[in-house]
Engineer: 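The structure is given below, and queries will be raised subsequently.
Atoms within each ligand, like the ligands themselves, are counted from 1 in listed order. Computed from heavy atoms alone, side chains included, the values below leave out hydrogens, waters and symmetry copies.
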Amino acid sequence: MARLRIDSARLNSQIGALACISEAPAPVVTRVLFSEADLKARAFAKTICYELGLSISEDAVGNIFARWRGSNPKLSPVATGSHIDAIPNAGRYDGVVGVLGALEAISALKEAGFQPERSIELIIFTAEEPTRFGIGCLGSRLLSGALSLSRAKALRDPEGRDLNYWRKRLGLGKQDMKSVRLQRNCYSAFVELHIEQGPILEKERIPIGVVEKIAAPSTLRVQLTGVGGHAGAVLMPHRRDALLAGAEIALAVEESACSTGSPDTVATTGVFRIEPGAVNSIPCRAWLEIDLRDTRLHTRDAALKRIESAISKICRRRRIQFKLEKLNVDSPAICAPSLVNTVTSVCGELGLGMKKMVSRAYHDSLFMAQICPTTMIFIPCRGGVSHRPDEYSSPSQIKTGVEVLAHTLAKLSAKGSSSQIAR
Ligand code: GLV
Ligand code: MN
Ligand code: MN
C-alpha cells in the first residue's frame with residue numbers, strides 16, 4: 001500500500017473546534033460526563049462520522065460505535081477509539097487525538113481507495129474520566145464486564161442522581177443495560193492512539209511509543225463525619241474536625257506511595273470537599289477521593305493496605321466516623337504481543353523511531369484488553385504535561401501518530417496477509 005496522506009490542517013481545525021466546546025473558557029477544556037458540553041461534543045464527533053459515511057449506533061450507556069463496513073462483515077471487526085470527555089481544567093488532546101485522529105485515519109484510508117475486508121469500528125467511550133460518578137472508564141468497564149450492572153446501578157453523582165436518570169435524559173432509557181456487555185473476541189483487535197501523558201518520548205526524541213503494559217489503578221472514596229460547631233466557642237481539646245482528619249489522611253496517602261521503594265508507585269488525593277465550608281464553622285464532614293497506581297500489582301496492593309490502616313488509625317485517634325469505598329481496584333493490562341509487533345513493523349516500514357513502553361495513565365484499553373487483543377500508540381506531548389490546559393502535542397506529532405494508526409488499521413483489516421508500505 002502507498003503511504004497515506006493525512007490532512008493535518010483538517011484534523012487540527014477539528015481539534016480546535018472541539019476544544020471550544022467546553023464548560024470553561026479557553027484554553028481550559030472541561031467536559032464532565034453528560035454535561036451540556038459533553039453532549040455537544042458527542043454530537044460534533046457524530047457529525048464527522050456521518051460525513052465519512054460510517055454507520056453509527058449507541059449502546060445503553062452512551063458508548064458510541066461508528067462502523068466502516070468491511071467487504072466481509074462476518075469477520076470480527078478491528079476497533080480503535082478513545083474518549084472526548086474531559087476532567088475539569090483539562091487540555092484539548094487527551095482522548096480527543098484518539099477519536100478525531102482515528103476519524104482522520106479512516107478518512108485517509110477512504111481517500112486512498114482502501115477497502116477493508118474486516119469492518120473498522122471507532123468507539124467513543126462513555127466516561128473515560130472519573131468525573132460525574134467518580135469512576136473512570138465506566139463505558140469500557142461495562143463493555144468488558146469488569147463492572148457489574150448492580151455496581152453500576154448503585155453509582156451516584158454529587159447530586160445523588162444515578163446512571164438511569166442520565167440514560168433517560170440521553171434518550172437511552174429504553175435500552176437494556178444488559179446489552180452493553182460485549183462478547184470476548186467480538187473484535188479481532190483494539191488499537192488506541194493517545195498522547196503519552198509523560199515525558200519519555202519527548203526527552204528521547206522518539207515519535208512513537210508502542211504500549212506493552214498499562215499500570216494498575218485504584219480509587220478510594222472516603223467520607224469523614226466529625227462534629228461541627230462554632231469556631232470561637234468550641235475549645236481545641238473538644239474538637240472532632242473532619243477536615244483535619246482528611247488532611248492527615250492526605251499526608252498518609254503521600255507517605256504510602258513514597259515508602260514502597262518503587263519509583264512507579266504514585267498516589268494522589270485529588271478531591272477534598274468539606275462541609276459546611278464557612279470560615280467560622282468547624283468542618284463537620286469531608287470527602288476525599290484517592291488515586292493510587294503502580295505497574296506492579298503487589299506493590300500497589302501493599303500501599304493500598306497501608307492507606308486503609310492509616311485511615312482507621314487517624315479516625316480512631318480523632319474520633320471521626322469514616323466510610324471507605326473502593327471505587328475500583330484494577331489489575332494491570334498486558335498488551336497483545338502480536339499487535340505490538342504489527343505497530344512496530346508499521347513504524348519500521350514508515351522509517352519512524354519507536355519505543356516499547358508502559359502506560360502509567362489508565363485508558364479504556366485497560367478494559368478492552370480483557371476482551372480482545374489490545375495495544376496503544378503513544379505520541380509525545382510537551383513536557384509530559386496532561387490533565388492541564390497547557391497540554392500540547394504539535395500538529396506534526398499528531399499527524400505521525402495518525403499515520404501509524406491508519407497503516408496499522410489497514411494491516412489489521414486487509415484481505416489476507418498485509419502488504420508492505422511503499423516509501
Ligand atoms: C486517565 O485519565 C488517567 O487518570 O490515567
Ligand atoms: Mn485523562
Ligand atoms: Mn485519556
Side-chain angles (χ1 to χ4, degrees), residues 15 18-19 22 28-33 37-38 41 45 63 80-102 122-141 146 190-201 209 211 213-221 257 264-271 289-295 300 327-333 357-369 374-381 384-393 398 401 405:
I15 293 173
L18 185 49
S22 167
V28 173
V29 177
T30 300
R31 278 193 295 266
V32 168
L33 175 70
D38 184 40
N63 288 308
T80 180
S82 197
H83 63 100
I84 52 174
D85 62 326
I87 58 163
N89 204 39
R92 61 170 65 181
Y93 301 97
D94 175 4
V96 166
V97 165
V99 172
L100 298 182
L122 168 73
I123 311 177
I124 306 174
F125 294 96
T126 288
E128 193 270 351
E129 301 289 8
T131 51
R132 180 170 300 284
F133 293 110
I135 182 167
C137 299
L138 181 59
S140 52
R141 280 177 198 277
F190 177 74
V191 184
E192 179 172 3
L193 173 65
H194 208 281
I195 60 168
E196 182 200 339
Q197 305 184 287
I200 298 170
L201 293 174
V211 175
K213 203 172 163 186
I214 305 173
S218 56
T219 313
L220 305 180
R221 181 182 283 158
D264 292 337
T265 323
V266 283
T268 309
T269 303
V271 171
E289 284 177 20
I290 298 162
D291 176 307
L292 170 69
R293 315 178 186 204
D294 199 294
T295 49
R300 195 277 315 270
L327 294 179
N328 60 286
V329 181
D330 300 308
S331 301
M357 47 200 315
V358 165
S359 171
R360 289 167 193 285
Y362 62 71
H363 302 278
D364 295 302
S365 288
L366 184 67
F367 299 98
M368 291 307 283
T374 295
T375 190
M376 299 186 71
I377 300 168
F378 274 179
I379 57 166
C381 56
V385 165
S386 185
H387 284 184
R388 278 178 21 191
D390 54 341
E391 179 182 81
Y392 180 75
S393 291
I398 296 171
L405 176 66

Engineer: Does any N or O atom in Tyr362 lie less than 3.5 angstrom from one in ligand 1, N or O only?
Structural biologist: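 Tyr362 vs ligand 1: N/O contact under 3.5 Å present.
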
Engineer: One residue to check: Glu128. Relative to ligand 1, which of side chain, backbone, both or neither has a non-hydrogen atom less than 4.0 Å away?
Structural biologist: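 For Glu128, only side-chain atoms sit under 4.0 Å from ligand 1.
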
Engineer: Between Arg293 and Asp264, does any NZ, NE, NH1 or NH2 come within less than 4.0 Å of an OD or OE carboxylate oxygen?
Structural biologist: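 Arg293 and Asp264: not salt-bridged.
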
Engineer: Can you list the residues that meet the side chain to side chain donor-acceptor pair (under 3.5 Å) rule with Thr265, with sequence neighbours excluded?
Structural biologist: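 By the side chain to side chain donor-acceptor pair (under 3.5 Å) rule, Thr265 matches Thr260, Asp294.
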
Engineer: What protein heavy atom sits nearest atom 4 (O) of ligand 1, and how far away is it?
Structural biologist: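 Scanning the protein heavy atoms, the shortest distance from atom 4 (O) of ligand 1 goes to Arg293 NH2, 2.8 Å.
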
Engineer: Is a donor on one side and an acceptor on the other found under 3.5 Å between the side chain of Ser22 and the backbone of Thr30?
Structural biologist: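 Side chain of Ser22 to backbone of Thr30, a donor-acceptor pair under 3.5 Å: yes, one is there.
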
Engineer: Quick check on contacts: which atoms of ligand 1 are under 4.0 angstrom from a heavy atom of Ala361?
Structural biologist: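 Those qualifying, in numeric order: 5 (O).
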
Engineer: Quiz question: by atom type and distance under 3.5 Å, do the side chains of His83 and Asp94 form a donor-acceptor pair?
Structural biologist: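 Per modelled atom types, His83 and Asp94 side chains form a pair under 3.5 Å.
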
Engineer: Kindly determine whether Phe190 and Phe125 satisfy ring-ring contact (aromatic ring centres under 6.0 Å, His included), including the steps that lead there.
Structural biologist: CA-CA 13 Å; Phe190 177 74; Phe125 294 96; 5.7 Å; yes

Engineer: For atom 2 (O) of ligand 1, what is the closest protein heavy atom, and at what distance to 0.1 Å?
Structural biologist: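 Result for atom 2 (O) of ligand 1: Glu129 OE1, 3.0 Å.
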
Engineer: Is there a donor-acceptor pair closer than 3.5 Å between any side-chain N or O of Ser393 and the backbone N or O of Pro380?
Structural biologist: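 Looks like yes, one N/O pair under 3.5 Å.
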
Engineer: Any donor and acceptor pair, going by atom type alone, linking the side chain of Arg132 with main-chain N or O of Leu33 inside 3.5 Å?
Structural biologist: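 Yes.
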
Engineer: I would like to know whether Glu289 and Thr269 meet side chain to side chain contact (heavy atoms under 4.5 Å, CB included); could you show each step before the answer?
Structural biologist: CA-CA 6 Å; Glu289 284 177 20; Thr269 303; over 6 Å; no

Engineer: I'd like to check which ligand 1 atoms, numbered from 1 as shown, lie under 4.0 Å from a non-hydrogen atom of His387.
Structural biologist: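 Per the distance check, 2 (O), 4 (O).
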
Engineer: Could you pull out the N/O/S protein atoms under 2.8 Å of the Mn ion (ligand 2), ignoring any water?
Structural biologist: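 The answer is Asp94 OD2, Glu129 OE2, His387 NE2.
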
Engineer: If you count heavy atoms of other groups shown closer than 6.0 angstrom to CZ of Arg221, is the number above 12?
Structural biologist: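 Yes, because the 6.0 Å sphere around CZ of Arg221 holds more than 12 heavy atoms from other groups.
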
